[in-house]
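Just so you know, ligand 1 is whichever comes first in the structure, and atom 1 is the first atom listed for that ligand. Quick note: numbers below take in every heavy atom, side chains included, and nothing from hydrogens, waters or symmetry partners.
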Amino acid sequence: METKWWQDEVVYQIYPKSFYDSNGDGIGDLKGITKKLDYLEELGITMIWICPIFTSPMIDNGYDISDFEGINPEFGTMDDFDQLLAESKKRNIKIILDLVINHTSDEHFWFQEALKDPLSKYRDYYIFKTGVNGNPPNNWRSIFGGSVWEKLPNEDLYYLHVFDKKQPDLNWENKEMRQELYAMINRWLDKGVEGFRIDSITFIKKDSDYASLPADGADGLVSCKHKTRNRPGIENFLNELKANTFEKYDAVTVGEAPGVKYEDFHRFIGKDGYFSMIFDFHYADIDVESGSDWFKRTNWTVSEFKELLFQSQRALQNAGWGANFLENHDQPRVLSKMVREKEWQTPETAKTFGMLYFFLRGTPFIYQGQELGMKNFNRSAIDAFNDISSIDNYYRSIQEGFTEEEALHFVNMRSRDNTRTPFPWNGERYGGFTTGKPWLDMTEEYPEINAVNNSVYTFYQKMIQLRRNSAWSSVLTFGNIKEIKDVPEEVIAYERADEEKRIVILVNLSTEKKKVVLNESAENIILHSQSKPVITGEEIIMEPYQGITIG
Ligand code: NOJ
């Protein structure tokens, strides 16, 4: 594969509302990000992805955009953004933005015009359908619960929203609408952003029959994913999008592409793929049967995780390039999700998980706070949650027959608020995040787990340095990945190799010591978590939840 500029980047994801508040209103902002660029530079990352900063009523924290080219006043002004861009550039840090083009806010000018005037051209920018015998057009359930259809007050007409009712879906069949999106994207690229993380992009094509399907839940509805996600014909939209925008700028694009089948990966990330890379969710969602129904919990095993992880890596390697991640603003913290034993949810285990994913083949993404070893936040009542999806999942669980305690448990395990808590910069009041009152409670552990003297942070620094600036950089970036199979069931092992070098990563995901025998000397340890491993020639005794990198 021909190498690309974005392959050796290390990306840091910022949730702006919770990163750093520069003006004491309890909400993080753009100036706050600028103030903390030195922290990011010191960590060693090279690119930041900022979750939506655009004008928005914020019912989905910015994934409901009412003006694609305005900055949400909560976050600052366009001048603040320009300053952030300039200051990042000085530090060789690139910026990518979140591109949300499957839907807008219902407060977007286009939608407001569409509502006001049936003859407006904007009506066809969205998806309107007439009802069937006083009912919605079909029985599809939206991702955030309830029907995907919302009725207009004075007409027998409904509009479609795959997410919340305040997030109407755009009608990608409308060429003029698509052209307006492309022009908007190009204006951001002209401004100097290096690319985009592209939200929910596999939802832009809907099956044109809009047919109902057999219900799959107590609400009588069926997940809309079967008819709205990765549907035939999407390739035309995605090719056109790329040709009219990203390709012209050599921009980096990271597709949020859940549900793409492995055999289709080449279409997404192959040589002429739609995107530079995609997030693969097959193993991220191992703890739940479906990323959107949190009450369907699984009893996953390390073997299953291992199988999914390598299946994913093989598919990414065969097709192109992946975007590797442990956490993001929709996922729980990895320590809480993957480590069942509370006593093992430690900084050392956070390092082990860091090592497990950071050296996979692809571009690593670090979500804010992951580099501190943060954990989930346990809330004792549903009204302590802000996230719309948490509230929906709570009531759906109860509707499915679970008790309130069980429903709360599911939400605590999976809530998107777990990773959205304000960033703990230090052990002082509100973790030094704000001088006011934070918009969302801090995690309980912020007095201990924060950015001061944090050994997980130092470990991430080392991993970044190894990948970016060491004798191992090339193999860790471009080398092929292969699973090493002859190891205990609960050990995950792989090699990265090129013509010159080979590096081995071993991770023990159990509470017991494990013996691993390699076919070569294991004495050259480059990095390890937990206490120093005991190695005799080719034999290694791994500590519980230990990670070791051997060169
Ligand atoms: C995926 C985003 O990551 C999530 O936070 C958002 O709620 C939905 N897309 C809708 O935009």
Exercise. Looking at residues at least two apart in the chain, or sitting in another chain, which of them share a salt bridge (charged side-chain N to carboxylate O under 4.0 Å, His left out) with D82?
Worked result: K191
Exercise. Between Y126 and H108, does the ring centroid distance fall short of 6.0 Å?
Worked result: no
Problem set entry | Of K165, K17, K166, R416, the residue whose pairing with D60 passes salt bridge (Lys or Arg N to Asp or Glu O under 4.0 Å) | R416
Seminar exercise, completed: Heavy-atom contacts under 4.0 Å to ligand 1, chain-then-number order, include exactly D60, Y63, H103, F144, F163, R197, D199, S200, E256, H329, D330, R416, R420
For this session: Verify the ring-centre separation between F365 and F279: is it less than 6.0 angstrom?
Result: yes
Exercise. Which heavy atom in W321 sits nearest to a heavy atom in Q7, and how many Å separate them?
Worked result: CE3-NE2, 3.2 Å
For this session: Identify the residue among D293, D392, D285 that makes a salt bridge (Lys or Arg N to Asp or Glu O under 4.0 Å) with R414.
Result: D285
